[in-house]
Number of protein chains: 2
Amino acid sequence: MNRKWVTMGDVARAAGVGKITVSRALRTPSKVSADTLEKVQKAVMELGYVRDETAGALSSQRSRVVGALVSTLEQPVFASTIRGLEEGLSAGGLQLLLGSTRYQPEKEALMVSTLLGRRPDALVLTSSVHTEDTRRLLRAAGLPVIELWELPETPIHAAVGFSNRAAGRDMTRHLIASGRRAPVFLRTERASDTRADMREKGYRDALDGRQARSLAVPPQEGRSGPDYGAEGLAQIMARWPETDAVVCVSDALAVGALCEARRRGIDVPGALAVTGFGDIDVAGASALDLTTVCIDGAAIGREAARLTLAACDGEDIRGTRIDLGYQLIRRATG
Amino acid sequence: MNRKWVTMGDVARAAGVGKITVSRALRTPSKVSADTLEKVQKAVMELGYVRDETAGALSSQRSRVVGALVSTLEQPVFASTIRGLEEGLSAGGLQLLLGSTRYQPEKEALMVSTLLGRRPDALVLTSSVHTEDTRRLLRAAGLPVIELWELPETPIHAAVGFSNRAAGRDMTRHLIASGRRAPVFLRTERASDTRADMREKGYRDALDGRQARSLAVPPQEGRSGPDYGAEGLAQIMARWPETDAVVCVSDALAVGALCEARRRGIDVPGALAVTGFGDIDVAGASALDLTTVCIDGAAIGREAARLTLAACDGEDIRGTRIDLGYQLIRRATG
DNA sequence: GCAAGTCATGGTATCGATACCATGGGCATG
DNA sequence: CATGCCCATGGTATCGATACCATGACTTGC
């Protein structure tokens, strides 16, 4: 394999100018005369030159890379968030370096450290609960950090999201207001899924003294959200037969729970309400028609990109908290 | 914001050794005595040192970064592919730099060029049809390129995937074998979605002379797969009332088509079969129970990672074509 | 008409880590 | 005991682009 790259020096020689002029022509064309700009562009085209951003990052101390960490990409709303983020960043000339923690808190510090090795200009974390190791790393690095999907009271620097707790509370209140007496919260068991924790807290808020019941299905390799939902519903009905509503932590679980309920001949929504979270694309399909909470993942990503660009422009974003809210979508299942 | 990073020189001073020894202690610990290794590690911990991979990449001419390009992350199987890829790469000490083309062919060359700016050690492209610009860039860069999700006759270097055409053909044949006479192919209209093109070709192969009918719904901002599926079904029934099967290019479309059919009181699968593609997690849920083609996206990603690591180790991967196949999942809708 | 200022351009040092070569100590071998 | 080799370590040049400062040409204003 050919391992020779054309360098800025080659371009400079071909164009008959100094290297630095080539650099300016590409980075800040306004600082170069129209004449030389043209010569440089011609040489760039002819040689097929692609600037080495790594070298540029080293000398300018600005990498034009933003590191992002998500728990998983396989939840569609996170994928949308990343899309929004990537669109916004690339419009501003920044690139995205992606890592995933797979809900393992001990991986977070490791991944942050790996990302920091690339000297990103900012970091976007899709989570707001961090280990002490992670916090130490972030403090030492001293770069802008933007947290997504939750709104901590005191973000590290800035946060974009909505209140998972309020969303869980509103959904549960809605169920109670429409006559449900014994709603149960259904989730998967994950040590560091604080978004799920907050939704569950919201559920408990709404119950306010009444009996709160929560079931957490342990995740297993090779099984999917709907599997857990189906299994969870079976366990719930076995343990608490009087249950008349299941508040699921995600749409995937809700779809599984809903189908399992129907399979057992339980009348939904007559005898049992089932609600989800996220409003995935199939949630509104008429065979499911799931009552859920709609989150605009792409908007969260876009807003995060906007903040990131501002921070990279030197703006002080500390203390910014942007609440993008959520929307309770009432459909057929509750 | 603090913009000062601890350097290798700082660590060397603190540990009382030379910089180069620190480099070796971190990169190839076996080449350093146990004694100095310990001293270096202690200094690293105390100073909170994180190696600057950018600088390392510049001097070693190996970035330990792999660029990946996908059409979209919002299709769950691509998300799984990326997960598999990322898991495999990070196990081998490589990082993933991600870009997305959003099905716009003219964006591909731009994105490839942007990725090449980071001097990746290899490139993974989730597509096999490239513009001439892209091919020129790849040739000039001369790095290993791995194509996913399709199996071109002559891959640039290596390819991992399955035959979309065979999958489309098998699904259609299955429908014909079970007595369907007038299957219609339903897809979204995207200029460069060659995977959809190949599935459609397979559909035509299976019809072999009989009348092939295909409907392409134009994509619009803010609408989702199920929307297109529902709309597509409506148009199909209006234009070709005798249709007794709809072969959808994706599960998301199939869910929409299925629900729309039911809403119209069409008996599925009695009067109409509906099939999908991808086996998304909710496809198997009993309310849908969709007949579809299952693709192991994560396996494609893992296999791609394996090849990438081999290529980075200097192995010649040219000509490798790995067919991971697919599985026709027969459920209730056809 | 001359000082002051602006603009385009180039030279050189620098960013932080690694490759390459050099060096010196310790050990085995004859 | 001398030779030779290996191992651990360090010095210096280098990767490719940019920051900073300098230079010279040319314009502007009184």
Side-chain angles (χ1 to χ4, degrees), chain A residues 3-41 43-44 47-65 93 95 114 116-121 141, chain B residues 3-41 43-44 47-65 93 95 114 116-121 141:
Chain A
R3 309 255 63 169
K4 278 281 201 59
W5 293 90
V6 177
T7 76
M8 208 168 244
D10 299 332
V11 176
R13 206 171 319 117
V17 298
K19 299 200 297 178
I20 188 67
T21 304
V22 175
S23 173
R24 274 191 283 251
L26 297 176
R27 193 68 86 184
T28 47
S30 65
K31 294 193 171 175
V32 146
S33 72
D35 188 37
T36 40
L37 181 57
E38 195 182 338
K39 276 192 295 187
V40 169
Q41 282 171 341
V44 166
L47 297 174
Y49 173 66
V50 178
R51 185 177 42 236
D52 187 335
E53 300 284 349
T54 342
L58 185 58
S59 63
S60 69
Q61 303 288 55
R62 291 198 51 198
S63 61
R64 290 162 222 269
V65 162
Q95 263 177 89
T114 309
L116 287 177
R118 300 284 163 188
R119 299 294 186 262
D121 291 340
Chain B
R3 306 256 66 166
K4 279 283 201 58
W5 294 88
V6 177
T7 76
M8 208 168 245
D10 299 332
V11 176
R13 207 171 318 115
V17 299
K19 299 201 298 177
I20 188 69
T21 304
V22 175
S23 173
R24 274 191 282 252
L26 297 177
R27 193 68 85 184
T28 47
S30 65
K31 294 192 173 176
V32 148
S33 73
D35 188 37
T36 40
L37 181 57
E38 195 182 336
K39 277 193 295 188
V40 170
Q41 282 171 341
V44 166
L47 297 174
Y49 173 66
V50 178
R51 184 178 44 236
D52 186 334
E53 301 283 349
T54 330
L58 185 58
S59 63
S60 69
Q61 303 288 53
R62 293 198 50 199
S63 61
R64 289 162 223 271
V65 162
Q95 264 176 88
T114 310
L116 287 177
R118 300 286 162 187
R119 299 294 188 263
D121 290 341

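None of the values given here were measured: they were computed from a predicted structure. Both backbone and side-chain heavy atoms feed into the values below; hydrogens, waters and symmetry mates do not.
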Is there, by distance only and without an angle test, a donor paired with an acceptor across the side chain of B:Arg119 and the base of D:dG16 below 3.5 Å? no
Hey, does [X] reach any base, or is it just sugar-phosphate, or nothing, if we go heavy atoms under 4.0 Å?
X	value
A:Arg51	sugar-phosphate
B:Val22	nothing
B:Arg27	sugar-phosphate

[options]: which one has an atom nearest the side-chain heavy atoms of [X]?
X	options	result
A:Ala55	D:dG16, C:dG16, D:dG10	D:dG16
B:Leu58	D:dA17, D:dG16, C:dA8	D:dG16
B:Thr21	D:dG10, D:dT18, C:dT9	D:dG10

Please tell me which of B:Arg24 and B:Gly56 maps to the more 5' nucleotide of DNA chain C, matching each residue to the nucleotide holding its nearest heavy atom. B:Gly56
Quick check on [N]: is either OP1 or OP2 less than 4.0 Å from any side-chain nitrogen or oxygen of [X]?
X	N	result
A:Tyr49	D:dA17	yes
B:Ser33	D:dC7	no
B:Gln61	D:dG16	yes
A:Thr7	D:dG16	no
A:Thr54	D:dG16	no

Under 4.0 Å between a side-chain nitrogen and a carboxylate oxygen: does that hold for A:Arg119 and A:Glu53? no
Any chance you could measure B:Lys19, atom NZ, to B:Arg24, atom CZ, to the nearest 0.5 Å? 12.5 Å
When the nearest nucleotide of DNA chain D is assigned to B:Gly16 and to B:Ser60 on a heavy-atom basis, which residue is associated with the more 5' position? B:Gly16
